[in-house]
There are 2 protein chains.
Amino acid sequence: MPHSPDPSLDLAATDLRLATFRLARRLRHERALDSMSDAQFAVLVILRQHGTQTLGALAERERVTAPSMNRTVNVLEETGYLVRTPDEQDRRRVLIEITESGAEIVAETIRLRDHALAEALAELHLSEEELEILRQASALMRRVAER
Amino acid sequence: MPHSPDPSLDLAATDLRLATFRLARRLRHERALDSMSDAQFAVLVILRQHGTQTLGALAERERVTAPSMNRTVNVLEETGYLVRTPDEQDRRRVLIEITESGAEIVAETIRLRDHALAEALAELHLSEEELEILRQASALMRRVAER
DNA sequence: TATTGTTATACTCTATAACTATA
DNA sequence: TATAGTTATAGAGTATAACAATA
């Protein structure tokens, strides 16, 4: 097992890994509709953020196979959270678009999660300095994740 | 939808939520054995960290039903990562204990994840001040998650 | 022929309901 | 009677293989 040259960096990594998993697990519990699975919700988030997608693009983004994504999309189509329309330019393709009610479910879940986290932060009575640490850390974490 | 009195706290919460989910998703990809599911791995982590548990205790910690946990435990027992032994004090109960090979799998996964994160941090060439921000933020995040 | 989406089939994780053994 | 664990059965997400339609 290789080690980085800076042992304090190893310690920071371990701390951050543990804290990230625990907080993510805690926040994931907050969802507008408990009846919707993580897989379904993730698809709606992609459609809301990145707009209309083909089935293949969705499968690639979520790193699942096309048949798997097809089943997930089927459920979301039946519940009315997205619609399929044929691509007229390339008729092998199907364009998948989020509906108004789908976008509302995503927005509501985000509101719930933000609210739960804001409540938790408020309860800890963090100082302005501590809040600033969290903001700066958030930016660093995103750089790590998106590297 | 209620709002906290401090709008800068709301913003910190949103930033932190996004960053946490993205980093967790990224780190979860690193696993010693891809053949083991998240559910199975989570059970081994509990057993390693908190010692021998009953089936009911495992189900409660993972917030799944007893039959669900029973199936997960069955698989881990078949693969030799844990053992069941009857509780002699209360013979309705079964004590579930991690084996040496189970503990080794957990340790290996933790090593992989720490290494991946340490590599990512090293690549960003963070300053000592930035690493300190991540360490302090990690402590705050754990307080939030465990509140 | 290659690509895109879909269907067929099977395996895993989840749940609820029913059952067994023990307290 | 109540509790701990298990089994029976079913629903949803995953996969691979095979198929249909289109480029």
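Every chain is numbered from 1, with letters handed out A, B, ... down the list of sequences. Because the structure is predicted, anything quoted here is derived from the model rather than measured.
One can place CD of B:E60 at 15 Å from C1' of D:dG5, the figure rounded to the nearest angstrom. We find that CG of A:L95 is positioned 16 Å from C1' of C:dT6, with the value rounded to whole Å. One atom, CG of A:L58, and another, P of C:dT6, lie 11 Å apart when rounded to the nearest Å. If you measure from atom CG of A:D87 to atom C1' of C:dT3, you get 13 Å, rounded to the nearest angstrom. At whole-Å resolution of the value, CG in A:N74 and P in C:dG5 are 13 Å apart. B:D38 places its CG atom 13 Å from the C1' atom of C:dT12, with the value rounded to the nearest Å. Remark: P of D:dG5 and CD of B:Q53 are 11 Å apart, rounded to the nearest angstrom. Atom CZ of A:R63 and atom P of D:dA15 are 13 Å apart (whole Å).
Phosphate contact (OP1/OP2 of C:dC13, side-chain N/O of B:S68, threshold under 4.0 Å): absent. Considering only side-chain N and O atoms, B:Q89 lies nowhere under 4.0 angstrom from the phosphate OP1 or OP2 of C:dT22. Taking 4.0 angstrom as the limit, B:T72 places a side-chain polar atom (N or O) nearer than this to OP1 or OP2 of C:dT14. Contact annotation: B:T65 side-chain N/O to C:dA15 OP1/OP2 distance is under 4.0 Å. For B:N70, no side-chain nitrogen or oxygen approaches OP1 or OP2 of D:dG5 to under 4.0 Å.
Across C:dC13, C:dT4, D:dG5, the shortest atom-to-atom separation from the side chain of A:R93 is found for C:dT4. Among the nucleotides D:dT6, D:dG13, D:dT16, the one closest to any side-chain atom of A:Q40 is D:dG13.
Distance alone, capped at 3.5 Å, is enough to place a donor-acceptor pair between the B:R31 side chain and the B:M36 backbone. The backbone N or O of B:G80 sits less than 3.5 Å from a side-chain atom of B:T99, completing a donor-acceptor pair.
A:D90 comes within contact range of the sugar-phosphate backbone alone, with a heavy-atom separation under 4.0 Å but no base atom that close. Contacts of B:A66 with the nucleic acid, taken as non-hydrogen atoms under 4.0 Å apart, include base atoms.
When every heavy atom of A:Y81 is checked against every heavy atom of A:L44, the shortest pair comes out as O-CD2, 3.8 Å.
In terms of hydrophobic clustering, with Ile, Leu, Val, Met, Phe, Trp and Tyr side chains grouped at heavy-atom distances under 4.5 Å, B:L82 and B:I110 are assigned to a common cluster.
By the side chain to side chain contact (heavy atoms under 4.5 Å, CB included) test, A:R71 pairs with no residue at all, sequence neighbours left out.
On a pure distance criterion of 3.5 Å, a polar donor-acceptor pair joins the side chain of A:R92 and the base of C:dT3. Side-chain atoms of A:R71 come within donor-acceptor range of the base of D:dT14, with a qualifying N/O pair under 3.5 Å.
Looking at which nucleotide of DNA chain D each of A:A39 and B:P67 is closest to, the 5′-most match is held by B:P67.
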